[in-house]
Amino acid sequence: EARKVWNRVKKQAAEFDLLDELDIDMLAIYCDAVIKYQETGEQAWARIVASYADRLGLTPAARVRLAQKRAVEVVDEFGDEFDS
C-alpha cells in the first residue's frame, strides 16, 4: 500500500518539480505514515503525515513558499546594465 502512495506522490510531485534523489528517505517515511494513519486513524500519524507533507512541498503552503524562493533566485539576465 505504501508503494501505491509512493507512486502517486512521485507522479504528482513531478509536475511541480518538487522532489529529487535526496528526498527518497523522507518520502518513504511519509508513505508509511500515510498508510499507518489510514489504518489506525490515530492523530499522531496525522501529525507525522502533515509534517512530512510540508517538508516535502506537498501542501499548498509549502508550494507557495517554494515558488517564492524560486522567484527570488531568478537571476537578472541583464545584470547591472540597466539598473539606475
Side-chain angles (χ1 to χ4, degrees):
E1 292 303 310
R3 175 62 74 178
K4 290 178 185 175
V5 175
W6 173 280
N7 291 332
R8 176 178 49 85
V9 171
K10 275 195 70 170
K11 181 180 176 185
Q12 293 170 340
E15 296 175 25
F16 296 100
D17 193 28
L18 292 176
L19 304 174
D20 61 28
E21 293 297 317
L22 296 174
D23 298 318
I24 289 174
D25 292 334
M26 286 186 64
L27 181 57
I29 294 167
Y30 170 82
C31 294
D32 284 340
V34 167
I35 297 306
K36 289 194 169 95
Y37 172 69
Q38 290 174 349
E39 292 173 350
T40 66
E42 293 178 11
Q43 289 305 302
W45 288 114
R47 286 190 295 277
I48 292 169
V49 168
S51 175
Y52 276 82
D54 189 61
R55 292 175 189 175
L56 291 166
L58 304 178
T59 65
R63 287 192 299 276
V64 167
R65 286 192 306 271
L66 181 59
Q68 290 171 338
K69 181 179 177 184
R70 287 179 178 172
V72 168
E73 291 174 353
V74 172
V75 177
D76 181 0
E77 64 184 80
F78 296 108
D80 294 334
E81 292 180 43
F82 296 104
D83 291 347
S84 44

Show me the donor-acceptor pairs within less than 3.5 Å that the side chains of residues 26-47 make with the rest of the protein, sequence neighbours left out.
unit_1: Thr40; atom_1: OG1; unit_2: Lys36; atom_2: O; d: 2.7
unit_1: Thr40; atom_1: OG1; unit_2: Glu42; atom_2: N; d: 3.2

Show the atom names and distances, to 0.1 Å, of all donor-acceptor pairs under 3.5 Å that link a side chain in residues 48-60 to residues at least two apart or in another chain.
unit_1: Ser51; atom_1: OG; unit_2: Arg55; atom_2: NE; d: 3.4
unit_1: Ser51; atom_1: OG; unit_2: Arg55; atom_2: NH2; d: 3.4
unit_1: Asp54; atom_1: OD1; unit_2: Thr59; atom_2: OG1; d: 3.3
unit_1: Asp54; atom_1: OD1; unit_2: Arg65; atom_2: NH2; d: 2.7
unit_1: Asp54; atom_1: OD2; unit_2: Arg65; atom_2: NH2; d: 3.0
unit_1: Thr59; atom_1: OG1; unit_2: Ala62; atom_2: N; d: 3.1

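- Looking at residues two or more places apart in sequence or on another chain, you find a salt bridge (Lys or Arg N to Asp or Glu O under 4.0 Å) between Lys4 and Glu1.
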